[in-house]
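Worksheet: one structure, shown below.
Letters A, B, ... are given to chains in the order of the sequence lines, protein chains preceding strands, and every chain is numbered from 1.
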Number of protein chains: 2
Amino acid sequence: MPPRKPAETDGNLAKPATISDVALLAGVSVGTVSKALNGRGSLRVETRRRVLSAAEQLGFQANKAAVALNSGRTYTVGMITTDTIGRFSIPLLMGAEDALGAGEMSVFLCDARDDPIREQYYLRTLLSRRVDGIIVTGRRTQARPPIGTDLPIPVVYAFISSADPDDCSVVPDEAGGAAKAVDHLLGIGRRRVAHITGPEHHHSAAVRAAAARARLSESGLTLVAPPLFGEWSEAWGRQAVQILLGAANDLDAVFCGSDQIARGVADALRAAGRRVPDDVALVGFDNWDVMALACQPPLTSVDMELEKLGRTAADLLLAAINGDPAPGKHANPCRLVLRDSTAVPIAPLRARD
Amino acid sequence: MPPRKPAETDGNLAKPATISDVALLAGVSVGTVSKALNGRGSLRVETRRRVLSAAEQLGFQANKAAVALNSGRTYTVGMITTDTIGRFSIPLLMGAEDALGAGEMSVFLCDARDDPIREQYYLRTLLSRRVDGIIVTGRRTQARPPIGTDLPIPVVYAFISSADPDDCSVVPDEAGGAAKAVDHLLGIGRRRVAHITGPEHHHSAAVRAAAARARLSESGLTLVAPPLFGEWSEAWGRQAVQILLGAANDLDAVFCGSDQIARGVADALRAAGRRVPDDVALVGFDNWDVMALACQPPLTSVDMELEKLGRTAADLLLAAINGDPAPGKHANPCRLVLRDSTAVPIAPLRARD
DNA sequence: TTGAAAGCGCTAACAA
DNA sequence: TTGTTAGCGCTTTCAA
């Protein structure tokens, strides 16, 4: 039988080189290799060079499991989405993944699909894998029960928030976003503002509607009609316009709870012979490019800056992992993105920002 | 000072219990605990019970790093999306994650963001973490260079495919999908079919257009006008309709390369006074609910079954990890989803399927 | 400056 | 049936 290397043909089973392989090739001990590779201790330059070149030659990559075993750190975090990953979760995940990757952390993706059983299963799995921390996200901003108590590692909630005020949650400032939308409409001279949004029991719908009302009332105004609660769809947007035109025919602006609704509203207004923005200015929420850009005209919209939010969550998690936790609810500002649906051809009263 | 437990207050630094903790509590050796927990060897029922209860009491979860270290398996796979994670990647990821989770594997999420440098960085990271396998996905179905050569672990390409025919790739049968769309249009009696799609250089656009043509020609027909290549947007769909109505005013069906295009087409046709589906039947591609359902009328569309595709990729990867690789390109059939845009009020010639 | 050896938490072979 | 021990790959004292 051949002496050394087993089954040279099936390159696919070649075991990765270990630190002893490197030591052997460099003619030193494993301890020395470890020092050379990690820049610890003091070695002769020549020795270090020899080790590095041996490692290079073997394509050596330290086995992270071994490292984890005696450092106690895995440089790994878990990301649990409580409900199905969707449009809102993606930017969150991306932002977090990006920030964590920069910190040399790898991310375990866990999709709990609205199933508490799965959620707990993933939690156990992550703990068993000794992740250094966990980010919990969800598709709604509403507070949820903590995912666990007395966990041995830090947890940060992103977008969604924990019902325990001592937990660290990073959420969009939806009320602030709604206020910005209203401010903008007022800034371009609109006074008869309507609000169309999603289901009344939906946290985001309620918060945004309340904030819009509050902001108007600060200016001594009211909504031109009570908020129209319905669903998060274009169809509802269209339908709501019919209701609205009956109730408040003289409206000059509509602030919508979502871009989808706003798009339906735009279509229905056009069909009814109202020009956007000339007769009616229109603001959406989410700044979902697919909707906002395809809308005719393109839609001014509130952006929750989800990617940045994910990044913030990740940064807070990293800080907590390093012993510097930031408990409490952190609100991230929203940003208003201006487009044609609120562009005033001849500006009667320019907004300041 | 208190005798036993250190710093009871900061529950957050409590180190997870180890197997020796369990052994101590149960009054047995670590070997016995291992056997009891893994159902190996033969133990007295009473002993096993005692160990299990001790483990339970301590909330013991085996440290996966240690397990990985001596089994050589991490029960972990990497998922690299070569381009930014988006609408197409999600269902793929979800399907794969689901199938892998069922196999007790955890998934590392890696978003390479169209950057080859990041891609190679992630590859090295994953190898260093000794993942058992890797799934590579992308937003385009076009073949791409292999992510690495002579890798020590199996790789499966999903949606995107590897340029190396010996690699394992799972792709949607886009040509088959396009054929189904055309068949359906012919089945409901349409004969003057047009095709509007994305950029000519885009692999999917080219494949779908070619397949549509081929299928028509099998029936002795041709497209009512040369395929209109443009971009993947509603605006292009609208614009293309203007061109089309000039060139082939008597068309009775449009097959579109995407749902977004199709939606633009629907809007423009309506604006031009053509009824859908009565005058012109309409089929999209992607079955993207947001577009297909919001379209007026709701859109018949080709579904690439991305989630199933992700699942298949994961299954093939698991098989490969277990020593049973399935090299080559595997085409997954598409499914035609029927909606109102091809509903024939009075069926003149019912399709068979 | 380098090597030897202990130990991280667990499994498996072997002994008792 | 149970315990002891070697070792997985690496880091880190401590000696040499």
**Message:** Under 4.0 Å, heavy atoms only, any strand: does B/V28 hit a base, just the sugar-phosphate, or nothing?
**Reply:** sugar-phosphate
**Prompt:** Is A/E97 reaching over with its side chain to a backbone N or O of B/D111, donor-acceptor style, under 3.5 angstrom?
**Reply:** yes
**Prompt:** What's the OH-P distance between B/Y75 and C/dT11, to the nearest Å?
**Reply:** 11 Å
**Item:** side-chain N/O B/R40 vs C/dT11 OP1/OP2, d < 4.0 Å
**Value:** no
**Asked** How many Å lie between CG on B/L24 and C1' on D/dT2, as a whole number?
**Response** 16 Å
Pairwise N/O distances under 3.5 Å, protein to nucleotides 4-8 of chain D:
| residue | atom | partner | partner atom | Å |
| --- | --- | --- | --- | --- |
| D/dG7 | N2 | B/N70 | ND2 | 3.0 |
| D/dC8 | O2 | B/N70 | ND2 | 3.3 |

**Message:** Would you say that B/T141 contacts B/I160 through its side chain, given a criterion of any heavy-atom pair below 4.5 Å between the two side chains?
**Reply:** no
**Prompt:** Nearest 0.5 Å, what's the OH-CD distance between A/Y121 and B/E104?
**Reply:** 4.5 Å
**Message:** Measure CZ/A/R49 against P/C/dT2 and give the value in whole Å, please.
**Reply:** 13 Å
**Item:** Whole-Å distance separating the CD1 atom of B/I19 from the C1' atom of C/dG7
**Value:** 16 Å
**Fill in**
Correct closest heavy-atom pair for B/K35 and B/R48 would be O-NH1, 3.9 Å
**Prompt:** Quick one: on DNA chain C, does B/N63 or A/T47 contact a more 5' nucleotide (nearest heavy atom)?
**Reply:** A/T47
**Request:** Send over the distance from A/N38 CG to C/dT2 P, rounded to a whole Å.
**Result:** 16 Å
**Request:** Could you give me the CA-CA distance, side-chain angles and deciding distance for A/K64 and B/S128, then say whether side-chain hydrogen bond (donor to acceptor under 3.5 Å, both in side chains) is met?
**Result:** CA-CA 6 Å; A/K64 291 280 205 291; B/S128 179; 2.9 Å; yes
**Asked** To the nearest Å, how far apart are A/L37 CG and D/dG9 C1'?
**Response** 13 Å
**Prompt:** To the nearest angstrom, how far is A/F60 atom CZ from D/dC10 atom C1'?
**Reply:** 8 Å
**Atom pair distance, as rounded to whole Å: NZ in B/K15 and P in C/dG9** = 10 Å
**Item:** B/T81, B/T84, B/D114, B/T82 screened by side chain to side chain donor-acceptor pair (under 3.5 Å) with B/R139, the one that passes
**Value:** B/D114
**Prompt:** Is there a side-chain contact between B/Q120 and B/L123, using heavy atoms and a 4.5 Å cut-off?
**Reply:** yes
